[in-house]
Amino acid sequence: MAEKKLAGQSALVTGASSGIGEGVALALGEAGANVIVNYNSNPDSANAVVEKIKAFGSKAIAIQADVSKEESVQSMFKQTIKEFGTIDILVNNAGLQKDAKFDEMTLAQWQTVIDINLTGQFLCAREAIREFLRRGPVPERSLATGKIICMSSVHELIPWAGHVNYASSKGAIKMLMQSLAQEYGDRKIRVNSICPGAIQTPINRAAWETPQALNSLMTLIPYNRIGQPSDIGRLAVFLASDDSDYITGTSIFIDGGMTVFEGFATGG
Ligand code: NAD
């Protein structure tokens, strides 16, 4: 049985009804946290994640909220605090892509990605920090007063033609995360980012669903396998637990080596 490193803590994971969010919610639940499974539009999938977490012996509930809407986020946090008393861990995971060549990108494609990927993280982080400050430290539960994990991407570092809106949102998350770590470090709030490479989820189906696409993807990944949501889940447990108590303001890349730029292995 997995060690219950997060026993007694409450975690909210946004966009947790699929992909990486689901993998993170399951890993946190398995580590003993009570988990809020946020979803926007798929209650059945969210409820399936809730049932899996309950099977680990942790509490879980699904809450609908659109992370890009202030009222929706505030009502989700109210409900979370009503159900679980407080929140110790926020995983800002919800995100999407609206890909287009830059000269053809509509304002709506730009704005939707910024609203969900960036403003969504602002709105959720602000509510979480308000609750951490209101509640104060509980050292018997965790050394830190609160922990925020931002789901960024290798594209906070690697430019991405055809995905300028997405890459811009992830680049901005780096500064959101680091500025929050700077502003609230003395209140014992830790803020870090996870930067996944290619993880097998619905967001990038086109990159892995045919053998040709997968082969082409492997030319970018020295470790020669696509990542799984459970890879990210294990890192999220580490960043949420006291094992990482001296880590704040950092982006951790988890990418099978994508950011060592494999194209340079035989030339340059
Ligand atoms: P996914 O599409 O399975 O998950 C995204 C989730 O966000 C979905 O559950 C979706 O319903 C939810 N969501 C979208 N808009 C929302 C809104 N307005 N409010 C609440 N939830 C909303 O894809 P994923 O790969 O699991 O993506 C999760 C995160 O990981 C994203 O931030 C993405 O940018 C990031 N990421 C993914 C990869 C990858 O290779 N899969 C790589 C780097 C970063």
Side-chain angles (χ1 to χ4, degrees), residues 14-15 18-21 24 38 40-41 66-70 72-73 91-126 148-181 191-210 212-222 226-227 229 231-232 249-264 268:
T14 66
S18 67
I20 291 175
V24 167
N38 160 251
N40 188 30
S41 58
D66 177 343
V67 296
S68 68
K69 302 278 187 313
E70 187 172 31
S72 188
V73 169
V91 183
N92 256 336
N93 166 77
L96 46 60
Q97 294 178 210
K98 295 278 176 201
D99 306 331
K101 279 170 58 108
F102 186 68
D103 57 298
E104 291 168 5
M105 188 175 287
T106 63
L107 178 58
Q109 286 170 323
W110 170 268
Q111 198 65 55
T112 300
V113 170
I114 297 301
D115 284 352
I116 292 167
N117 294 14
L118 180 59
T119 307
Q121 293 215 13
F122 155 68
L123 289 170
C124 292
R126 191 184 59 175
I148 296 177
I149 299 169
C150 302
M151 203 56 68
S152 182
S153 164
V154 288
H155 295 296
E156 74 166 46
L157 177 73
I158 305 176
W160 207 15
H163 310 260
V164 170
N165 45 2
Y166 183 84
S168 300
S169 73
K170 297 301 186 182
I173 283 166
K174 177 171 192 282
M175 277 296 136
L176 172 72
M177 177 277 289
Q178 290 188 314
S179 301
L180 289 181
V191 191
N192 292 291
S193 285
I194 292 178
C195 300
I199 310 300
Q200 192 165 19
T201 75
I203 210 174
N204 56 0
R205 185 177 297 280
W208 51 261
E209 73 179 345
T210 66
Q212 294 89 327
L214 195 59
N215 277 341
S216 154
L217 183 63
M218 286 312 116
T219 65
L220 300 175
I221 305 175
I226 192 164
D231 290 309
I232 309 300
T250 292
S251 292
I252 299 188
F253 288 80
I254 172 162
D255 62 359
M258 193 178 255
T259 40
V260 301
F261 300 102
E262 183 155 39
F264 281 83

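The chain is numbered in sequence order, starting from 1.
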S.K.: Where is the tightest heavy-atom contact between L96 and Y166, given as atom of each residue plus distance?
M.R.: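 Nearest pair, atom of L96 first, then Y166: O-CD1, 3.4 Å.
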S.K.: Quick one: do H155 and H163 satisfy side-chain contact (heavy atoms from CB on, under 4.5 Å)? Show the steps, please.
M.R.: CA-CA 10 Å; H155 295 296; H163 310 260; over 6 Å; no
S.K.: Measure across V67 and L123 and return the closest heavy-atom pair with its distance rounded to 0.1 Å.
M.R.: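 Closest heavy-atom pair between V67 and L123: O-CD1, 3.4 Å.
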S.K.: Return the minimal non-hydrogen interatomic distance between I232 and M151, and the atom names on each side.
M.R.: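 Answer, listing the atom of I232 first, then M151: CG2-CE, 3.9 Å.
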S.K.: Do D255 and C195 have side chains that approach each other closer than 4.5 Å (heavy atoms only, starting at C-beta)?
M.R.: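 Answer no - side chains too far apart.
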S.K.: Are W160 and V154 close enough, and set up right, to give a side-chain contact (heavy atoms from CB on, under 4.5 Å), and what steps lead you there?
M.R.: CA-CA 10 Å; W160 207 15; V154 288; over 6 Å; no
S.K.: What distance do K101 atom NZ and D99 atom CG have between them, rounded to the nearest 0.5 Å?
M.R.: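 Atom-to-atom, K101:NZ and D99:CG are 13.5 Å apart.
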S.K.: Please step through side-chain hydrogen bond (donor to acceptor under 3.5 Å, both in side chains) for the pair D115 and S68, ending with a clear verdict.
M.R.: CA-CA 5 Å; D115 284 352; S68 68; 5.6 Å; no
S.K.: As an exercise, state the distance from CG of L180 to SG of C150, rounded to the nearest 0.5 Å.
M.R.: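 If we round to the nearest 0.5 Å, L180:CG and C150:SG are 7.0 Å apart.
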S.K.: Any side-chain heavy atom of N92 sitting closer than 4.5 Å to one from I149?
M.R.: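 N92 does not reach I149 side chain to side chain.
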S.K.: If you look at every heavy atom in A213 and W208, which pair is closest and at what distance?
M.R.: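 Shortest heavy-atom separation between A213 and W208 comes out as CB-N, 4.3 Å.
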S.K.: Heavy-atom distance under 4.5 Å between the side chains of I158 and F261, does that happen here?
M.R.: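 Yes, at least one pair of side-chain atoms sits under 4.5 Å.
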S.K.: Can you tell me how far apart CD1 (I254) and OG1 (T259) are? Round to the nearest 0.5 Å.
M.R.: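 One gets 11.0 Å once the value is rounded to the nearest 0.5 Å.
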S.K.: Between E156 and S251, does the side-chain hydrogen bond (donor to acceptor under 3.5 Å, both in side chains) criterion hold? Intermediate values first, please.
M.R.: CA-CA 9 Å; E156 74 166 46; S251 292; 2.7 Å; yes
S.K.: Between the side chain of S216 and the main-chain N/O of Q212, is any donor-acceptor distance below 3.5 Å?
M.R.: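 No, because the side chain of S216 does not come within donor-acceptor range (under 3.5 Å) of the backbone of Q212.
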S.K.: About how many Å separate CD1 of I114 and CD of Q111, when rounded to the nearest 0.5 Å?
M.R.: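 Output value for this atom pair is 7.5 Å.
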S.K.: Is any side-chain heavy atom of S193 less than 4.5 Å from a side-chain heavy atom of I173?
M.R.: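 Contact flag for S193/I173 side chains = yes.
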S.K.: Looking at side-chain heavy atoms only, is the closest gap between I252 and N192 below 4.5 Å?
M.R.: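 No, side chains not in contact.
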S.K.: Does S169 offer a backbone N or O that forms a donor-acceptor pair with the side chain of N117 under 3.5 Å?
M.R.: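 No, because the side chain of N117 does not come within donor-acceptor range (under 3.5 Å) of the backbone of S169.
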S.K.: What's the separation between atom OG in S72 and atom CG in N40, rounded to the nearest 0.5 Å?
M.R.: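 Atom-to-atom, S72:OG and N40:CG are 7.5 Å apart.
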S.K.: Quick check: does any side chain N or O of N204 sit under 3.5 Å from a backbone N or O of I199, one acting as donor and the other as acceptor?
M.R.: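 Present.
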S.K.: Give the minimum heavy-atom separation between V260 and P222, together with the two atoms involved.
M.R.: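 For V260 versus P222, the nearest heavy atoms are CG2-CG, 3.7 Å.
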S.K.: Just by modelled atom types, is the A94 backbone N or O under 3.5 Å from a matching donor or acceptor in the T14 side chain?
M.R.: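 Flag set: sc T14 to bb A94 pair under 3.5 Å.
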S.K.: Any heavy-atom pair between the side chains of T219 and E262 that's under 4.5 Å?
M.R.: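 A side-chain contact is absent here, since even the closest heavy-atom pair is not under 4.5 Å.
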S.K.: Does N165 reach the main-chain N or O of K98 with its side chain, forming a donor-acceptor pair under 3.5 Å?
M.R.: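 Confirmed, N165 side chain pairs with K98 backbone.
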S.K.: Below 4.5 Å, heavy atoms only, C-beta onward: do L217 and I226 meet side chain to side chain?
M.R.: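 Side chain of L217 against side chain of I226, heavy atoms only: contact under 4.5 Å found.
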S.K.: When you look at V164 and W110, which way does the side-chain contact (heavy atoms from CB on, under 4.5 Å) test go after all the steps?
M.R.: CA-CA 8 Å; V164 170; W110 170 268; 4.3 Å; yes
S.K.: Side chains of K170 and K174: closer than 4.5 Å at any heavy-atom pair?
M.R.: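 In short, these two side chains do not touch, never coming nearer than 4.5 Å.
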S.K.: Provide the closest heavy-atom pair for G95 versus I116 in the form atom of the first, atom of the second, distance.
M.R.: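 That would be CA-CG2, 4.1 Å.
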S.K.: Would the distance check show the side chain of Q121 and the main-chain N or O of L118 forming a donor-acceptor pair, the cut-off being under 3.5 Å?
M.R.: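 No; zero donor-acceptor contacts below 3.5 Å.
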S.K.: What's the spacing between I203 CD1 and S153 OG if we round to 0.5 Å?
M.R.: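 Result: 9.0 Å between the selected atoms.
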